[in-house]
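Comments concern the structure below.
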Amino acid sequence: MTDTTDRLKCAVLDDNLHAAASCADWSLVQDRIDVTFFHERLEGVEHVVHTLREFHIVVLMRERTAFGREVIEQLPHLRLIVTAGHRNGALAVEAARVRGIPVLGTPILETPAVELTWALLLALARNVPREVEALRNAVGWQCALGVDLSGATLGLIGLGRLGARVSAIARAFGMHVIAWSQNLREERCTEIGVERGGSLIELMNRSDFVSIHSVLSERTLRLVGPEEIAAMKPSAFLINTSRAPIVDEDALIAALVAGRIAGAGLDVFHQEPLAPDHPYRSLRNVIATPHLGYVTRHTYELVYRSVVEDLRAWLEARRLREVVEEHPARALGG
């Protein structure tokens, strides 16, 4: 329950695209709350604490800003946290609960990540960045042969909601799809219309494209390691729009540098933003995007309109849409 006599201060973090203000009607809460949009990234515990010390409410955009116990315990006026989505590996949910601070989440769309998976896969298959660069700079015309999707095999690591959506598009392209995860049942594969792989090594060995759609956990941490990458065909591509720590980064970089696999499409990284000298920025067989999986107009409108709904519910002491789990990604290196 809020104090009706004092105005509240709300920080909306990581609005680097200057999109938050236009994606929701913030006037619905501005009779009680002063909203400040932060367009620059807050780096490090000291900077976060210093900047947010006077704020009562913090709105997080996914996991861009680390909001761990050491931050939460040093914000004396903090009374509410709202995060985009219902999982946030950078947020210490339990530390907030110990202080009696509600942690609310919002709905988030699944389809943009699926669409980006296919953007990366198609760009790899048809050498899109290289061909566009050559055409723009007038240094070549048709630089390399592309790879056909029809008749190729797509291996899916994970066959949940996202994996199932990816498989439907693959079959529309005429691809054969095989899937594997630790607990994947034959009934699930039959329901989706894909082949169940006998093992992860088998899936890696048979696939022309491998796409990861697993949740990060202790069991999936570095699931795709040196042995799994070594099992891939030299002509195969790896796509990861899920969680960076599912793949052993050193093993993947070594394989890409040596040309032991054809390439990788990556939207998630162990540390974001990528360091200026990170190999992914310069390797010609890598297409890397800056964590764009959820960065669409429709997603942002859904998230920020839901944030406003959450703020109103909290102000009016109505039922709250609380985050119900402590997500392990940050502890595991995500």
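Residues take their numbers from the sequence shown, with the count starting at 1. Scope of the values below: all heavy atoms of this structure, side chains included, with no hydrogens, waters or symmetry mates.
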*asked:* So does Leu104 get a backbone contact from the side chain of Arg321, meaning a donor-acceptor N/O pair under 3.5 Å?
replied: no
Between Glu309 and Arg318, the two heavy atoms sitting closest are O-NH2, 4.5 Å
Is the CZ atom of Arg126 crowded by more than 12 outside heavy atoms at less than 6.0 Å? no
Sequence neighbours excluded, the answer for side-chain hydrogen bond (donor to acceptor under 3.5 Å, both in side chains) partners of Asp148 is none
Checking Thr220 side chain against Ile246 main chain: does a donor-acceptor pair fall under 3.5 Å?
no
Are Tyr304 and Phe37 an aromatic pair, judged by ring center distance below 6.0 Å? no
Taking Asp248 for the side chain and Pro226 for the main chain, is one N or O donor matched with an acceptor at less than 3.5 Å? no
Test side-chain hydrogen bond (donor to acceptor under 3.5 Å, both in side chains) applied to Asp25 and Ser27, step by step
CA-CA 5 Å; Asp25 184 0; Ser27 69; 2.4 Å; yes
### Message
Quick check against the 3.5 Å criterion: does Arg64 have a side-chain atom that pairs as donor or acceptor with the backbone of Arg41?
### Response
no
With no hydrogens and no angle check, is any side-chain donor or acceptor of Thr106 less than 3.5 Å from a backbone partner on Gly85? yes
Residues Cys23 and Arg297: closest non-hydrogen pair is SG-NH1, 3.1 Å
Shortest non-hydrogen pair, Ala84 vs Met61, comes out as CB-SD, 3.9 Å
*Applying side-chain hydrogen bond (donor to acceptor under 3.5 Å, both in side chains), run through His291 and Glu63 and close with a yes or a no.*
CA-CA 11 Å; His291 208 147; Glu63 297 168 4; over 6 Å; no
Here the pair of heavy atoms bringing Leu203 nearest to Ile178 is CD1-O, 3.7 Å
When you look at CZ of Arg185, are more than 12 heavy atoms from neighbouring residues, nucleotides or ligands closer to it than 6.0 Å?
no
On a heavy-atom basis, the closest approach of Val308 and Ala24 is CG2-CB, 3.9 Å
In terms of heavy-atom contacts, Arg243 and Asn240 come closest through O-ND2, 3.0 Å
Q) Backbone N or O of Lys9 within a donor-acceptor pair of the Asp34 side chain at under 3.5 Å? A) no
